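To start, the structure under review is shown below, and the notes come after it.
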Amino acid sequence: KAGVTQTPRYLIKTRGQQVTLSCSPISGHRSVSWYQQTPGQGLQFLFEYFSETQRNKGNFPGRFSGRQFSNSRSEMNVSTLELGDSALYLCASSLAREGSSVEAFFGQGTRLTVV
Amino acid sequence: AQKVTQAQTEISVVEKEDVTLDCVYETRDTTYYLFWYKQPPSGELVFLIRRNSFDEQNEISGRYSWNFQKSTSSFNFTITASQVVDSAVYFCALRYNFNKFYFGSGTKLNVKP
């Protein structure tokens, strides 16, 4: 069974640009959540999508957005990039039925560097 | 508010020593789930174990063992006879709502040969 696939693995962007990151979950998983990891703030929840609907949102500005497609693949977009957006962005895939104790499986992440 | 605290920022041990990673959590929910993840230098978070709030049974899996105590809100993780390959950052996490995790700040484990 293929794991969670994130593309690209590395990105270098310039301040002010926008970027789109992609996440393909494990086959059969309908929940995809996104996390930002930085040395200063650690792992922070961005948002979660389930069946193409955003179910949860973290405390990030509107420049961070996402969507999920009918095949459960998800994309995350960051507009007007700032230096502070440099981070490892991790995607997690889960069956995530409410009330179930299933774990989330993570991809290898996309390392974004803003210069 | 949900919160996970890993007080140990970094631990260094010599190979074959036992090491315990501490995790303390805060939540007002009666149903919640606790996890441990390992993050090697490659960046991927590797799932190790999960525990439900209503299941305090401790577990041993090979060299790994977990101690979950609701009375002290702790979910500690022990590696017996550590190996160099165990070197990584370990995260304790709390999940209570859909697929949203609250992570601790992580404990970096250095196992020296």
Side-chain angles (χ1 to χ4, degrees), chain A residues 3-6 8-10 23 25-26 29-51 53-59 66 68 72 74 87-112, chain B residues 1-10 23 25 27 29-57 59 61 64 66 68 75 77 88-108:
Chain A
V4 180
T5 303
Q6 290 188 247
R9 289 291 311 282
Y10 302 93
C23 172
I26 293 171
H29 286 192
R30 295 164 63 190
S31 169
V32 173
S33 53
W34 290 87
Y35 294 82
Q36 181 196 64
Q37 186 177 23
T38 59
Q41 299 298 318
L43 277 155
Q44 292 187 289
F45 173 78
L46 281 155
F47 30 65
E48 186 228 359
Y49 287 87
F50 181 82
S51 292
T53 301
Q54 187 181 87
R55 286 202 299 195
N56 256 309
K57 190 177 189 307
N59 190 25
Q68 187 179 33
S72 294
S74 177
L88 179 66
Y89 290 89
L90 290 161
C91 161
S93 158
S94 174
L95 286 169
R97 293 181 297 267
E98 181 53 23
S100 64
S101 59
V102 294
E103 59 273 19
F105 296 93
F106 286 79
Q108 287 191 296
T110 294
R111 185 163 296 282
L112 172 64
Chain B
Q2 326 295 328
K3 188 178 178 182
V4 177
T5 302
Q6 294 180 253
Q8 305 151 307
T9 304
E10 188 165 352
C23 173
Y25 63 93
T27 180
D29 292 277
T30 55
T31 300
Y32 52 89
Y33 310 95
L34 295 164
F35 299 78
W36 274 98
Y37 282 88
K38 172 183 178 180
Q39 187 176 43
S42 61
E44 180 179 0
L45 284 169
V46 179
F47 165 76
L48 295 176
I49 190 173
R50 72 166 182 269
R51 266 293 172 266
N52 309 330
S53 55
F54 44 87
D55 176 11
E56 285 193 75
Q57 182 178 356
E59 180 176 333
S61 176
Y64 298 162
W66 291 269
F68 175 32
F75 184 44
F77 169 43
V89 181
Y90 290 82
F91 290 94
C92 179
L94 169 69
R95 171 186 172 261
Y96 78 107
N97 182 12
F98 299 115
N99 198 13
K100 180 178 182 178
F101 286 74
Y102 291 89
F103 285 91
S105 54
T107 297
K108 184 177 182 182

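Keep in mind it's a predicted model, so treat the numbers as computed, not measured. Lettering follows sequence order; numbering is per chain, from 1. Below, all heavy atoms of this structure are taken into account, side chains as well, without hydrogens, waters or symmetry copies.
Proximity to chain B (any heavy atom under 4.5 Å) is shown, for A:Q44, by neither the backbone nor the side chain. With a 4.5 angstrom heavy-atom cutoff, A:Y35 touches chain B only via side-chain atoms. Neither the backbone nor the side chain of B:Y102 comes within contact range of chain A, judged by heavy atoms closer than 4.5 Å. Residue contact with chain B, scored on non-hydrogen atoms closer than 4.5 Å, involves the side chain of A:R9 exclusively. For B:S105, no part sits under 4.5 Å from any heavy atom of chain A, backbone or side chain. At a 4.5 Å heavy-atom cutoff, B:Y32 makes no contact with chain A through either its backbone or its side chain.
The shortest distance between side-chain heavy atoms of B:R50 and B:W36 does not fall below 4.5 Å.
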**Request:** Verify side chain to side chain donor-acceptor pair (under 3.5 Å) between A:E48 and A:S31, making sure each step is shown before the conclusion.
**Result:** CA-CA 7 Å; A:E48 186 228 359; A:S31 169; 2.6 Å; yes

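Side chain of A:Q37 to backbone of A:L43: no donor-acceptor contact under 3.5 angstrom is found.
Interatomic distance, OG of A:S72 versus NE2 of A:H29, reported as 10.0 Å (0.5 Å rounding).
Judged by a 6.0 Å distance limit and a 45° cone about the ring axis, B:R51 is not positioned over the six-membered ring of B:F68.
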